Engineer: 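Can you read through this structure? Questions will come right after.
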Amino acid sequence: MLVLGGAFLASLLPQSGQQFLMMAVAGTTALFLVLQNPPAPATPDSGALERQRKQILYQGRWEAYQDIIDPITDPIILIRNAKVAAANPAAGTILGDHIVGEDVRIAIRHPAAADRLANPNARHTGEPILLVGVGSTAQRWELRIHALQDGLKLVQLSDRSSHYAAERMRTDFVANASHELRTPLAAIKGFLETLENPDAGKDDETRSRFLKIMFDEADRMQRLIEDLMSLSRIEAEKFELPSDKIDLGDLVAEARNFYINSRGKKEEDILVNVPADIPSVQGDRAQLSQVVNNLLSNAFKYGKNGTPVTINLTPNMSGTMVSLAISDQGEGIAPEHIPRLTERFYRVDKGRSKSIGGTGLGLAIVKHISERHGGRMEITSEVGVGSTMSVLLPVADVSQDRQSEETESA
């Protein structure tokens, strides 16, 4: 129709105008046909679209991953193509802030870990890899690898230092206890074999001397077994808060009288400072009596001959705790030994401790009893001056009020 209308108009125009008009009509007709039947869009490369989609998703995923791993306290790193793609602050603290973008074998220098992290075909069974010396020589880590999508690997480091320290302490405890028991047993057995000799058995002086040594060794072994059993009972009851009201002044007086009447000490050997209005504490009488006797015995063992031992009972400034402090005037303890004094069987001078009859468990028992009572133990010492062993225990009324409040809130 457009063509017929154009031809009629062209017949009324000169020849040059007719040609121009026919060209315009032809172009308009073509445009109309295109609008009526638009061409099919070109089919793009599906692989290119998929790559573009993954790229956009991958770029956004890093931010999502970073937001997830940043709050985690364990060191976490993400690995892609054997390189560290992301790391949380905890990993930066342990491995260094420079590890992002580095080869994983440089970030974690461990043969077994590097092989599994850098090898794309490695299978991850979930079994941990033990790392020693990462962060510091004393730390122990368990490394676990989790495979994610798009070839990503999530690496988690779990600090197992406390677990291995506890296991080492248990192993050392068994070894030390066996050694402490074996020593007196060997001595007793040796002297018995000597006394079996008719010549030695007929010598009254030799027999008497040997029997005294055997008695001392058996007594030492008995004290060790009693301390081990006591420590075991305390640990079994460590979550049970004692409920009795105990007057520490009475326990101090009993211990002082025992050493004066039964251990040959003089009154001037034990100086006691106990206020008349000292509050009672909440505790187990037998265990607190053991605390007083252990600390008093320790002070006499390591104090200088002829110097007194001082016992002080004082409340703290807030009136919530009572401090039992027993001081000696001995040689003192070097600062590097003080943190380890409450370890089982730890001795500053092993030879001297054994010669004066120590089992190596006295201060460990005091510490565990203090913790069971909701208190704490403190040790101060100055070389050449002496040492003070203190136990702080909660006042009975304060402890009971706190327990009542917790019960009501629950």
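The shown structure was predicted, so the numbers you read here are calculated from the model rather than taken from an experiment.
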Engineer: Supply the atom-to-atom distance K265 NZ to L296 CG, rounded to the nearest 0.5 angstrom.
Structural biologist: 9.0 Å
Engineer: Should the pair E343-R340 be classified as a salt bridge under the 4.0 Å nitrogen-to-oxygen rule?
Structural biologist: yes
Engineer: Would a distance-only check, ignoring hydrogens and angles, find a side-chain to backbone donor-acceptor pair under 3.5 Å from N81 to K83?
Structural biologist: no
Engineer: Using side-chain contact (heavy atoms from CB on, under 4.5 Å), reason through I278 and L248 one step at a time and then give a plain yes or no.
Structural biologist: CA-CA 8 Å; I278 194 75; L248 285 177; over 6 Å; no
Engineer: Side-chain contact test, heavy atoms from C-beta onward, threshold under 4.5 Å: evaluate it for V366 versus L295 and give yes or no.
Structural biologist: yes
Engineer: Evaluate the side-chain proximity of V252 to L313: yes if any heavy-atom separation is below 4.5 Å, no if none is.
Structural biologist: yes
Engineer: Here's one to test your reading of the geometry: is the NZ or CZ of R263 within 45 degrees of the ring axis of Y259 and under 6.0 Å from its centre?
Structural biologist: yes
Engineer: How long is the gap from CD on E378 to OG on S323, to the nearest 0.5 Å?
Structural biologist: 7.5 Å
Engineer: Provide the closest heavy-atom pair for G283 versus I246 in the form atom of the first, atom of the second, distance.
Structural biologist: O-CG1, 3.6 Å
Engineer: For the residue pair F300 and I270, establish whether any side-chain heavy-atom pair is separated by less than 4.5 Å.
Structural biologist: yes
Engineer: Could you give me the CA-CA distance, side-chain angles and deciding distance for E217 and R220, then say whether salt bridge (charged side-chain N to carboxylate O under 4.0 Å, His left out) is met?
Structural biologist: CA-CA 5 Å; E217 293 295 337; R220 175 187 166 194; 3.7 Å; yes
Engineer: With a 3.5 Å distance limit and no angle check, can you tell me whether S381 reaches the backbone of G386 through a side-chain donor-acceptor pair?
Structural biologist: yes
Engineer: Counting heavy atoms not belonging to E267, are there more than 12 under 6.0 Å from its CD?
Structural biologist: no
Engineer: Look only at the side chain of R140 and the backbone of D159, and say whether a donor-acceptor pair between them is shorter than 3.5 Å.
Structural biologist: no
Engineer: For M321 and G375, which heavy atoms make the closest approach, and how far apart are they?
Structural biologist: CE-CA, 4.3 Å
Engineer: Where do T320 and V395 land on the side-chain contact (heavy atoms from CB on, under 4.5 Å) test, with the steps shown first?
Structural biologist: CA-CA 5 Å; T320 59; V395 172; 5.5 Å; no
Engineer: Treating T307 as the side-chain partner and K304 as the backbone partner, does any N or O pair qualify as donor plus acceptor under 3.5 Å?
Structural biologist: yes
Engineer: Are the side chain of D328 and the backbone N or O of G330 linked by a donor-acceptor pair below 3.5 Å?
Structural biologist: yes
Engineer: Determine yes or no for a side-chain-to-main-chain donor-acceptor pair under 3.5 angstrom, with Q282 supplying the side chain and P242 the backbone.
Structural biologist: yes
Engineer: Distance from K212 atom NZ to D219 atom CG, nearest 0.5 Å?
Structural biologist: 10.0 Å
Engineer: Check whether D269 reaches the backbone of K266 with its side chain - one donor and one acceptor, N or O, closer than 3.5 Å.
Structural biologist: yes
Engineer: Are the side chains of M221 and I188 in contact, using a 4.5 Å heavy-atom criterion?
Structural biologist: yes
Engineer: Do any N or O atoms from the side chain of N88 and from the backbone of I72 form a donor-acceptor pair under 3.5 angstrom?
Structural biologist: yes
Engineer: Just by distance, no angles: are the side chains of Q287 and E237 close enough, under 3.5 Å, to form a donor-acceptor pair?
Structural biologist: yes
Engineer: Can you find a pair of side-chain heavy atoms, one from V291 and one from L324, that are under 4.5 Å apart?
Structural biologist: yes
Engineer: Please report the shortest heavy-atom distance between H337 and Y346, naming the atom on each side.
Structural biologist: ND1-OH, 2.7 Å
Engineer: Show the nearest heavy-atom pair for residues D284 and H373, with the distance to one decimal.
Structural biologist: N-NE2, 2.9 Å
Engineer: Are any of the side-chain heavy atoms of Q329 and V385 separated by less than 4.5 Å?
Structural biologist: no
Engineer: List the atom of G249, the atom of V274, and the distance in Å for their closest heavy-atom pair.
Structural biologist: CA-CG1, 4.2 Å
Engineer: With side-chain contact (heavy atoms from CB on, under 4.5 Å) as the test, would you mind laying out the steps for I311 and R256 before giving the verdict?
Structural biologist: CA-CA 10 Å; I311 305 176; R256 181 176 183 271; 5.5 Å; no
Engineer: Where the side chain of D74 meets the backbone of S158, is there a donor-acceptor pair that is under 3.5 Å apart?
Structural biologist: no
Engineer: Rounded to the nearest 0.5 Å, what separates atom OG in S387 from atom CG in L341?
Structural biologist: 8.0 Å
Engineer: Would a 4.5 Å heavy-atom cut-off, applied to side chains only, mark S370 and R376 as touching?
Structural biologist: no
Engineer: Between the side chains of E254 and S289, is a donor N or O closer than 3.5 angstrom to an acceptor N or O?
Structural biologist: no
Engineer: Output the distance between atom CD1 (I379) and atom CG (L363), rounded to the nearest 0.5 Å.
Structural biologist: 5.5 Å
Engineer: Find the distance between CG (N273) and OG1 (T314) and round it off to the nearest 0.5 Å.
Structural biologist: 9.5 Å
Engineer: Please lay out, stage by stage, how M377 and T342 fare under the test side-chain contact (heavy atoms from CB on, under 4.5 Å).
Structural biologist: CA-CA 9 Å; M377 181 181 180; T342 55; 3.9 Å; yes
Engineer: What's the verdict on salt bridge (charged side-chain N to carboxylate O under 4.0 Å, His left out) for E240 and K238, showing C-alpha distance, side-chain angles and the deciding distance?
Structural biologist: CA-CA 6 Å; E240 299 176 10; K238 64 181 178 180; over 6 Å; no
Engineer: Minimum heavy-atom separation for L241 and G374, please, with both atom names.
Structural biologist: CD1-N, 4.4 Å
Engineer: Would you say the side chains of N316 and S318 form a donor-acceptor pair under 3.5 Å?
Structural biologist: yes
Engineer: Could you tell me whether the side chain of I365 reaches within less than 4.5 Å of the side chain of Q290, counting heavy atoms only?
Structural biologist: yes
Engineer: Does atom CD (E205) have a neighbourhood of more than 12 heavy atoms from anything else shown, all under 6.0 Å?
Structural biologist: no
